Amino acid sequence: MQTTLVSQFANTSEGQEAEAILRTCVHCGFCTATCPTYQELNDERDGPRGRIYLMKQFLEGGEVTEKTRHHLDRCLTCRSCETTCPSGVEYGRLVDISRGLLEQQLERTGKERLLRWGLRTVLPNRALFAFFLSIGQFFRPVLPEGLRTKVPPRRKAGSRPTASNNRMVLALAGCVQPSATPDTNAAAARVLDRLGISLIEAPEAGCCGAVNYHLSAHEAGLIAMRGNIDAWWPVIEAGAEAIVMTASGCGAMVQDYGHLLRQDPVYAARAKRVSELTTDLGAFLLKQDLSVLNLQSRAGKVAFHCPCTLQHAMKQNGVVEQVLRQAGVELAQTRDQHLCCGSAGTYSVLQPELSQRLLANKLEALTVDNPDRIVTANVGCQLHLETRAQVPVQHWIELLDTLQR
Ligand code: SF4
Ligand code: SF4
């Protein structure tokens, strides 16, 4: 694709990166076939190729209107189009850059700004999110049905082994997970401990930066990333062999630290090292000898929902399924595995109507084989799916933790 960016963008590193990505697109349109919003809305501007044209038009100095942003806002950033694209177009980076630049040019309404500010203030702040969640959980029994399902029930974390093994890995507690699904990392710690590996969480590490970064507050996202690098570095120097991610949304973000901080004179080298060390929990377990866990499935039929961040961003499609099969789990048949559930970070709040349509489609696709439960690998998907699922939804590591003979 030929491009001529206006000097305002052409002279910046983000503009140059966007231009290089735009030039790899050959307009073939293969990506539209696997785009969830195009499938739902049947409008070229709600598919990847159409959005690429809209971004190109904006970066070349063409007119941008609320309509332009409307179609970019409706993109889930699921990156299903990246998996399909034969030309290797890095659509996720392009849309992140374009949204950030657009945000500086086209002011949002007061209501939109307030909602985005609220999300950026509460979600990445572990204590603040836990506070609001506890209020919601207290009133949950008396909330109307529609609202009640949106508040995750109170859950307890199981016991955590003391970190006494020679081998150790880092894990990120994150922002939402410790209060919404506190047993996820505890279950990971128990499973890893049985393999002779200690799971360490650096207490100063916080949100991975994705909430701010994907809401176009790039600098705030980068600050969170630098903070995590500082928190992890002493444990890395002490010999942590990997940074094992239990939420693929965070995993995808941390794997990008190296790229996003590549021009930072202080953090570039450490960010690169952090990204190299980052892996999904499933991929890490698959390299271990799982036979010592002596697992036996009593779980019935299990449907696995592979988050977009795991399959399209981290490129780990099929890995968790392999772990579950090794554990003797009977996997249910599912359809449309490549399609997003509609959670997509803050998308379910910002685009509720479309998000609910995608959720209904996803639950139908996950339950065609009448599973007894659904498991997934990302806290956002887990909480979103359970709002309307008719069977229990949990993180797959919680299930694995219960399968020891
Ligand atoms: S599949 Fe790739 S090259 Fe083809 S239109 Fe989509 S983004 Fe462009
Ligand atoms: S990221 Fe997902 S929703 Fe956005 S254009 Fe690509 S496939 Fe469509």
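All values derive from a computational prediction rather than experimental measurement. First listed ligand is number 1; within each ligand, the first listed atom is number 1.
- Of all the heavy atoms of Y38, none lies under 4.0 Å from any atom of ligand 2, so neither backbone nor side chain is involved.
- By the criterion of a heavy-atom distance under 4.0 Å, the backbone of T77, and not its side chain, is placed next to ligand 2.
- Closest protein heavy atom to atom 4 (Fe) of ligand 2: C75 SG, 2.3 Å.
- Here the side chain of E44 pairs no donor or acceptor atom with the backbone of R49 at under 3.5 angstrom.
- Between the side chain of R74 and the backbone N or O of T37 there is no donor-acceptor pair closer than 3.5 Å.
- What sits closest to atom 3 (S) of ligand 2 on the protein, heavy atoms only, is L76 N, 3.4 Å.
- Each of the atoms 3 (S) of ligand 1 lies under 4.0 Å from some heavy atom of S87.
- The distance from ligand 1 to the heavy atoms of C85 drops below 4.0 Å at these ligand atoms: 1 (S), 2 (Fe), 3 (S), 7 (S).
- Listed by number with element, the atoms of ligand 2 under 4.0 Å from a non-hydrogen atom of P48 are 5 (S).
- For atom 6 (Fe) of ligand 1, the closest non-hydrogen atom of the protein is C31 SG, 2.3 Å.
- Residues T3 and R23 have side chains that bring a donor and an acceptor to within less than 3.5 angstrom of each other.
- Among protein heavy atoms, atom 5 (S) of ligand 1 sits closest to G29 N, 3.2 Å.
- Checking H259 against E90 by side-chain atom types alone, no donor-acceptor pair falls below 3.5 Å.
- Checked by atom type, the side-chain pair S216/R116 shows no donor-acceptor distance below 3.5 Å.
- S80 places a side-chain N or O within 3.5 Å of a backbone atom of T34 that can act as its donor or acceptor partner.
- At a threshold of 2.8 Å, atom 2 (Fe) of ligand 2 has a backbone or side-chain N, O or S atom of C78 nearer than that distance.
- Atoms of ligand 1 lying under 4.0 Å from at least one heavy atom of I52, given by number and element, are 7 (S).
- Among G47, C35, C81, C28, the residue whose heavy atom lies closest to atom 1 (S) of ligand 1 is C28.
- Under a 4.0 Å criterion applied to the non-hydrogen atoms of P86, ligand 1 contributes the atoms 1 (S).
- There is no side-chain donor-acceptor pair under 3.5 Å between T387 and T149.
- Checked options N185, N378, D280, T184; the residue passing with T246 is N185 (criterion: side-chain hydrogen bond (donor to acceptor under 3.5 Å, both in side chains)).
- Inspection of the Q394 and R155 side chains reveals no N or O donor paired with an N or O acceptor under 3.5 Å.
- Within the listing of ligand 2, atoms 1 (S), 2 (Fe) sit less than 4.0 angstrom from a heavy atom of R79.
- Of all protein heavy atoms, the one lying nearest to atom 8 (Fe) of ligand 1 is C25 SG, 2.4 Å.
- Counting only N and O atoms by type, the side chains of Y213 and D256 include no donor and acceptor under 3.5 Å apart.
- For ligand 1 and V26, the ligand atoms under 4.0 Å from any heavy atom of the residue are 3 (S), 8 (Fe).
- F58 and F9 have their aromatic ring centers within a separation under 6.0 angstrom.
- Proximity to P36 (heavy-atom distance under 4.0 Å) selects the following atoms of ligand 2: 7 (S).
- For ligand 2 and R51, the ligand atoms under 4.0 Å from any heavy atom of the residue are 3 (S), 4 (Fe), 5 (S), 8 (Fe).
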